[in-house]
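Positions are given from 1 along the sequence.
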Amino acid sequence: MTTYGQSRLHELVKRLLLATEMSDSKVEWHESDRLNAFHSTIGGATVVIASDDDDGRYPYSLEILDEEGALIDSLRSGTYQDDNGEWAMNWNDDLEALYDRARRSVKNIDRVLNDIMKHLPKLPIPDDPWARGGGGFSDDPPF
C-alpha cells in the first residue's frame with residue numbers, strides 16, 4: 001500500500017532521475033562522507049541517495065535533509081506482503097536507477113569510458129542478413 005507521502009517521494013525520485021540525465025541539469029551530485037552515498041543540495045534541502053548496506057547494491061534509500069542536516073523524510077526500497085504474496089515496492093527500480101546515475105556522475109564514469117575507448121579499435125559492424133535483404137524468409141509456403 002502506498003501512502004500520499006510515499007507517492008510524492010516516488011515522484012521526486014523520478015524527477016531527480018530525469019534532471020540528472022539532462023545534459024544541462026542543475027542537479028549536481030557529490031560524494032558523501034558515508035560509503036556508497038551521494039548527495040545534492042537543491043532549494044535549501046539536501047537529497048541523499050544511498051546503498052543502505054554500503055555495498056553499492058540493493059537496498060537503496062532516498063533521504064531529504066533540512067538546512068541543519070535533520071532528516072525530513074525518506075523513501076526506502078523493499079517489499080511488502082499482502083494476502084496474495086510478497087511484492088516489490090513500485091519505486092525500487094527508480095531508486096536503483098537514481099543511485100546508478102548519481103554514482104556515474106560523481107565518478108565521471110562516462111568520461112573515463114569514452115577516454116579509454118578512444119585508444120581502442122572500434123568493433124566491426126556485425127554481418128546482418130536483414131540489412132542486405134536476405135533474411136531467409138520466402139513467400140513460398142513451407143510445404
Next item on the list: Examine Leu9 and Tyr80 and state if one hydrophobic cluster contains both, with Ile, Leu, Val, Met, Phe, Trp and Tyr joined whenever side-chain heavy atoms are less than 4.5 Å apart.
Entry: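 Same hydrophobic cluster.
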
Margin query: Test of understanding: clusters of I, L, V, M, F, W, Y form through side-chain heavy atoms closer than 4.5 Å, transitively. Do Ile72 and Ile42 belong to the same one?
Written below: yes

Checklist line | Hydrophobic cluster (4.5 angstrom, side-chain heavy atoms) - remaining members for Leu120 | finding: Val112, Ile116

Next item on the list: Give the other cluster members for Ile109, using side-chain heavy-atom distances under 4.5 Å between Ile, Leu, Val, Met, Phe, Trp and Tyr residues; answer none if it is isolated.
Entry: Leu113

Could you tabulate the donor-acceptor pairs under 3.5 Å formed by side-chain atoms of residues 47-57, not counting sequence neighbours?
{"from": "Ser51", "atom 1": "OG", "to": "Asp55", "atom 2": "OD1", "distance (Å)": "3.1"}
{"from": "Ser51", "atom 1": "OG", "to": "Gly56", "atom 2": "N", "distance (Å)": "3.1"}
{"from": "Ser51", "atom 1": "OG", "to": "Arg57", "atom 2": "N", "distance (Å)": "3.1"}
{"from": "Ser51", "atom 1": "OG", "to": "Arg57", "atom 2": "O", "distance (Å)": "2.8"}
{"from": "Asp52", "atom 1": "OD1", "to": "Ser61", "atom 2": "OG", "distance (Å)": "2.6"}
{"from": "Asp55", "atom 1": "OD1", "to": "Arg57", "atom 2": "N", "distance (Å)": "2.9"}

Residues forming a side chain to side chain donor-acceptor pair (under 3.5 Å) with [X], sequence neighbours excluded:
{"X": "Glu63", "result": "Arg76"}
{"X": "Glu21", "result": "Arg101"}
{"X": "Asp24", "result": "none"}
{"X": "Arg15", "result": "Glu11"}

Next item on the list: List the atom of Leu95, the atom of Leu75, and the distance in Å for their closest heavy-atom pair.
Entry: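 The pair with the smallest heavy-atom distance is CD1-O, 4.1 Å.
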
Item checked: Nearest non-hydrogen partners of Leu71 and Leu65, listed with the distance ->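 Nearest heavy atoms, Leu71 then Leu65: CA-CD2, 3.7 Å.
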
Whether [X] side chain and [Y] backbone form a donor-acceptor pair below 3.5 Å:
{"X": "Ser40", "Y": "Glu28", "result": "yes"}
{"X": "Ser25", "Y": "Val27", "result": "yes"}
{"X": "Thr20", "Y": "Leu16", "result": "yes"}

Notebook entry, point to check: What distance separates Leu98 CG from Leu18 CG, expressed to the nearest 0.5 Å?
Noted result: 11.0 Å

Notebook entry, point to check: When rounded to the nearest 0.5 angstrom, what is the spacing between NZ in Lys122 and CE in Met117?
Noted result: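 Separation between the atoms: 11.0 Å.
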
Next item on the list: Identify, with sequence neighbours excluded, every residue that meets side chain to side chain contact (heavy atoms under 4.5 Å, CB included) alongside Ala45.
Entry: Ile64

Item checked: Residues forming a side chain to side chain contact (heavy atoms under 4.5 Å, CB included) with Thr41, sequence neighbours excluded ->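 Here the qualifying residues are Thr46.
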
Next item on the list: Count the heavy atoms belonging to other residues, nucleotides or ligands that lie under 6.0 Å from CZ of Arg8, then report whether that count exceeds 12.
Entry: no

Check: How about Asp73: does its CG atom have over 12 heavy atoms from other parts shown lying under 6.0 Å from it?
Finding: yes

Next item on the list: Take Lys14 and Leu17 through the side chain to side chain contact (heavy atoms under 4.5 Å, CB included) test and state the conclusion after the steps.
Entry: CA-CA 5 Å; Lys14 288 179 178 183; Leu17 184 56; 5.6 Å; no

Note to self: Filter on ring pair (Phe, Tyr, Trp, His ring centres under 6.0 Å), then keep only pairs touching residues 96-117, sequence neighbours left out; what's left?
What the structure shows: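 The answer is Phe38-Tyr99, Tyr60-Tyr99.
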
Margin query: Do Trp91 and Ser77 pair up side chain to side chain, a donor and an acceptor below 3.5 Å, judged on atom types alone?
Written below: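 Judged by distance alone, the side chains do not pair up.
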
Note to self: Test of understanding: with salt bridge (Lys or Arg N to Asp or Glu O under 4.0 Å), list the residues that count as partners of Lys118, not counting sequence neighbours.
What the structure shows: Asp115

Next item on the list: Sorted by first residue and then second, give each side-chain hydrogen bond (donor to acceptor under 3.5 Å, both in side chains) pair with at least one member in residues 102-111; sequence neighbours left out.
Entry: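 Applying side-chain hydrogen bond (donor to acceptor under 3.5 Å, both in side chains) to every pair that reaches into residues 102-111, excluding sequence neighbours, yields Glu31-Lys107, Asp100-Arg103, Arg104-Asp110.
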
Note to self: Would Asn92 and Tyr58 count as a side chain to side chain contact (heavy atoms under 4.5 Å, CB included) here? Give the steps.
What the structure shows: CA-CA 9 Å; Asn92 286 358; Tyr58 177 90; 4.0 Å; yes

